[in-house]
Amino acid sequence: TRGGNEKQRGVSGGGRTRAAVASALVARRPLLFLDEPTSGLDAATALLLVRAWRRSAQRGMMVICSVHQPRSNIYSAFDSLLLLARGRTAYFGPTGAAIEHMRVAAGLHLPPLTNPADWLIDIVDAESDNATTQAGQAEATALSATVATFDLVSDFDSKSADDVKN
């Protein structure tokens with residue numbers, strides 16, 4: 001099947017994404033940078049890709065990607081997380097420590113049965129629809145005040161990219 005272009009139909013956008021990622025994985029490049037590679041994919045396919053990237057990272061490849069609205073099992077597959085709030089680092093560190101970090105640093109608590117990725121994005125984005133609710137606005141205000149007072153950055157932030165990879 002052809003990749004396609006503006007004039008001739010070919011594989012889907014998701015198919016092109018998977019082909020580009022597969023090419024990079026087969027070439028065994030030391031760095032794989034992906035900008036929203038799961039967009040347009042169904043949840044099962046997105047999870048399969050994330051698991052493939054994780055295996056590549058475990059073999060020494062550095063995988064960096066932005067992911068839009070990940071499911072909780074996709075979110076938890078990542079080792080490290082960078083959250084930005086109004087252009088400043090709100091959190092940079094182990095993905096598994098982000099929730100506790102927000103609790104300690106800003107007094108925020110993950111509500112039961114809530115996707116941690118959605119919750120973290122809501123509290124760092126004061127403009128989101130969820131942040132306009134009374135509870136969401138209080139969380140956004142608490143986080144904004146904390147960011148203004150000091151950077152919500154773990155010790156992980158001071159490490160170089162080489163330290164992060166190793």
Side-chain angles (χ1 to χ4, degrees), residues 11-26 29 31-140 142-144 146-147 152-154 156-157 161 164-165:
V11 297
S12 67
R16 281 192 299 276
T17 297
R18 290 188 294 276
V21 170
S23 173
L25 292 173
V26 168
R29 298 198 170 105
L31 173 67
L32 182 60
F33 183 83
L34 305 160
D35 183 22
E36 296 192 18
T38 59
S39 294
L41 302 179
D42 63 87
T45 302
L47 183 59
L48 286 172
L49 278 176
V50 169
R51 287 179 176 162
W53 305 328
R54 183 162 182 78
R55 285 189 302 275
S56 294
Q58 290 168 338
R59 286 188 231 117
M61 177 185 286
M62 181 175 277
V63 180
I64 300 170
C65 64
S66 61
V67 179
H68 182 65
Q69 295 179 314
R71 291 181 359 172
S72 57
N73 59 350
I74 290 175
Y75 165 81
S76 65
F78 290 99
D79 294 319
S80 303
L81 175 67
L82 171 64
L83 289 174
L84 300 174
R86 297 185 177 141
R88 295 181 63 194
T89 302
Y91 178 78
F92 182 43
T95 302
I99 302 302
E100 178 65 10
H101 182 77
M102 291 299 177
R103 186 191 65 75
V104 171
L108 304 174
H109 300 276
L110 176 67
L113 304 176
T114 301
N115 178 339
D118 290 341
W119 179 75
L120 288 165
I121 293 300
D122 285 348
I123 63 173
V124 298
D125 182 10
E127 301 301 316
S128 75
D129 290 338
N130 290 338
T132 59
T133 65
Q134 186 176 13
Q137 187 60 47
E139 289 176 343
L143 181 62
S144 295
T146 306
V147 170
L152 292 177
V153 182
S154 70
F156 190 72
D157 184 43
V164 172
K165 183 177 177 184

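At least one side-chain heavy atom of Ile99 sits under 4.5 Å from a side-chain heavy atom of Trp119.
Taking both residues in full, the closest heavy atoms of Ala90 and Val124 are given as CB-CG1, 3.9 Å, listed atom of the first, atom of the second, then distance.
Interatomic distance, Ser39 OG to Leu34 CG, rounded to the nearest 0.5 Å: 11.5 Å. Note that CG of Leu41 is 11.5 Å distant from CG of Leu47, once rounded to the nearest 0.5 Å. Note: Ile74 CD1 to Gln69 CD = 11.5 Å, rounded to the nearest 0.5 Å. Here the straight-line distance linking atom CD of Glu100 with atom CG of Leu110 works out to 11.5 Å at 0.5 Å rounding. In this structure, CG in Leu84 is found 10.0 Å from CZ in Phe92, a value given to the nearest 0.5 Å. Of the inter-residue distances, the one linking Leu32 atom CG with Met62 atom CE reads 11.5 Å to the nearest 0.5 angstrom.
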**OP:** Take Leu120 and Leu81 through the test side-chain contact (heavy atoms from CB on, under 4.5 Å) and record every step on the way to the result.
**Re:** CA-CA 11 Å; Leu120 288 165; Leu81 175 67; 3.9 Å; yes
Subject >> CA sep, side-chain torsions, deciding dist, call: Arg54, Val50, side-chain contact (heavy atoms from CB on, under 4.5 Å) >> reply: CA-CA 6 Å; Arg54 183 162 182 78; Val50 169; 5.5 Å; no
Subject >> Verdict with supporting geometry, Ile121 and Leu83, side-chain contact (heavy atoms from CB on, under 4.5 Å) >> reply: CA-CA 8 Å; Ile121 293 300; Leu83 289 174; 4.1 Å; yes
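Under the side-chain contact (heavy atoms from CB on, under 4.5 Å) criterion, Ala57 pairs with Val63, not counting sequence neighbours. In this view, Arg55 satisfies the salt bridge (Lys or Arg N to Asp or Glu O under 4.0 Å) rule with no residue, not counting sequence neighbours.
One N or O on the side chain of Tyr75 and one on the backbone of Thr95 form a donor-acceptor pair closer than 3.5 Å. At least one donor-acceptor pair closer than 3.5 Å links the side chain of Ser66 to the backbone N or O of Glu36.
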